[in-house]
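See below for the structure under consideration.
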Amino acid sequence: MATRIRITAGGLEVAATLNETDTSQAIAGALPIEASANTWGDEIYFGIPVEAGLEQGQEIVELGDLGYWPPGRAFCIFFGLTPASQGDEIRPASAVTVIGRVEGDATVFKQVRSGEAITIEMEEV
């Protein structure tokens, strides 16, 4: 069963869903997570207390995908082009495990600045 989460950053509060991968379930077990946002083009990433290998790795992701980047043990939110993008594709620095999706318009994350506090927690039902 998919896990609903809430991502809070700056003045934003965005709903998202984690998928059924082993990595996403490990992340769900580590919630809540608080960190400081880093930006890389139209991607937010931050280290989390989960260590996992690459699971069904993808080098190109979709707008609104959530990813886990093993080399940095990082949670990633993709909301547009990154410095590694070629054309209009959304390309992480290297392959990520896609762990879920933002619900609604992911481009709202353009408002979040590097260094801002970001929290991921279970969505209250």
Side-chain angles (χ1 to χ4, degrees):
M1 185 172 154
T3 303
R4 288 182 48 88
I5 60 171
R6 181 174 50 249
I7 303 168
T8 306
L12 294 178
E13 191 169 296
V14 178
T17 305
L18 295 177
N19 62 26
E20 298 293 323
T21 60
D22 292 340
T23 304
S24 65
Q25 297 310 303
I27 292 169
L31 297 179
I33 295 171
E34 295 181 21
S36 179
N38 298 293
T39 58
W40 190 61
D42 284 348
E43 172 189 341
I44 292 172
Y45 69 96
F46 47 93
I48 60 173
V50 172
E51 187 167 354
L54 193 60
E55 186 178 353
Q56 301 168 6
Q58 291 184 222
E59 296 202 4
I60 298 172
V61 298
E62 299 295 322
L63 179 71
D65 277 350
L66 301 176
Y68 175 79
W69 186 55
R73 292 181 13 193
F75 188 102
C76 308
I77 305 167
F78 298 99
F79 53 94
L81 301 179
T82 71
S85 292
Q86 297 172 11
D88 62 356
E89 68 186 16
I90 300 173
R91 185 179 286 268
S94 60
V96 297
T97 300
V98 173
I99 56 169
R101 286 198 54 80
V102 169
E103 296 177 7
D105 181 9
T107 63
V108 298
F109 284 103
K110 289 179 186 276
Q111 301 171 38
V112 178
R113 299 288 166 244
S114 197
E116 283 192 287
I118 190 162
T119 303
I120 309 169
E121 55 197 337
M122 294 292 238
E123 180 78 359
E124 296 297 323
V125 180

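For clarity, every value in this text was computed on a predicted model and none was experimentally measured.
Counting only residues at least two apart or on different chains, the salt bridge (charged side-chain N to carboxylate O under 4.0 Å, His left out) pairs with a member in residues 93-112 are Arg4-Glu103, Asp42-Lys110, Asp65-Arg101.
For the atom pair OG1 of Thr8 and CD1 of Ile118, the computed distance is 8.5 Å after rounding to the nearest 0.5 Å. Remark: Leu81 CG to Leu63 CG distance equals 9.5 Å, nearest 0.5 Å. Here the OG1 atom belonging to Thr39 is positioned 8.0 Å from the CZ atom belonging to Arg113, to the nearest 0.5 angstrom. Note that the CE atom of Met122 and the CG atom of Leu18 stand 8.0 Å from one another [nearest 0.5 Å]. Put simply, CD1 on Ile7 and CD1 on Ile44 are 8.5 Å apart, with the number rounded to the nearest 0.5 Å. Of the inter-residue distances, the one linking Ile77 atom CD1 with Ile120 atom CD1 reads 6.5 Å to the nearest 0.5 angstrom.
Looking at heavy atoms from C-beta onward, Pro92 lies out of side-chain contact with Thr82 at the 4.5 angstrom threshold. At least one side-chain heavy atom of Gln25 sits less than 4.5 Å from a side-chain heavy atom of Thr3.
No continuous path of hydrophobic side-chain contacts links Leu54 to Phe78 [ILVMFWY only; heavy atoms under 4.5 Å].
Looking at every heavy atom in both residues, Pro70 comes nearest to Ala52 through CB-O, 3.5 Å. Considering all non-hydrogen atoms of both residues, Gly53 and Thr97 come closest at O-OG1, 4.0 Å. Nearest heavy atoms, Val102 versus Ala16: CA-CB, 3.9 Å. Between Pro71 and Ser94, the closest heavy-atom pair is CG-OG, 4.1 Å.
Within a 6.0 Å radius of CD in Glu121, other residues, nucleotides and ligands contribute more than 12 heavy atoms.
With sequence neighbours excluded, the residues forming a side chain to side chain donor-acceptor pair (under 3.5 Å) with Glu89 are Arg91, listed by chain and number. Partners of Glu55 according to the side chain to side chain donor-acceptor pair (under 3.5 Å) rule, which considers only residues two or more places apart in sequence or in another chain, are Thr23. Leu12 is linked by a side chain to side chain contact (heavy atoms under 4.5 Å, CB included) to Val14, Val108, Phe109, Gln111, Val112, counting only residues two or more places apart in sequence or in another chain. Residues passing the ring-ring contact (aromatic ring centres under 6.0 Å, His included) test with Phe75 are Phe46, sequence neighbours excluded.
Cluster partners of Tyr45, using a side-chain heavy-atom cutoff of under 4.5 Å among ILVMFWY residues and allowing indirect links, are Trp40.
Asn19 places a side-chain N or O within donor-acceptor distance of the main-chain N or O of Val98, the cut-off being under 3.5 Å.
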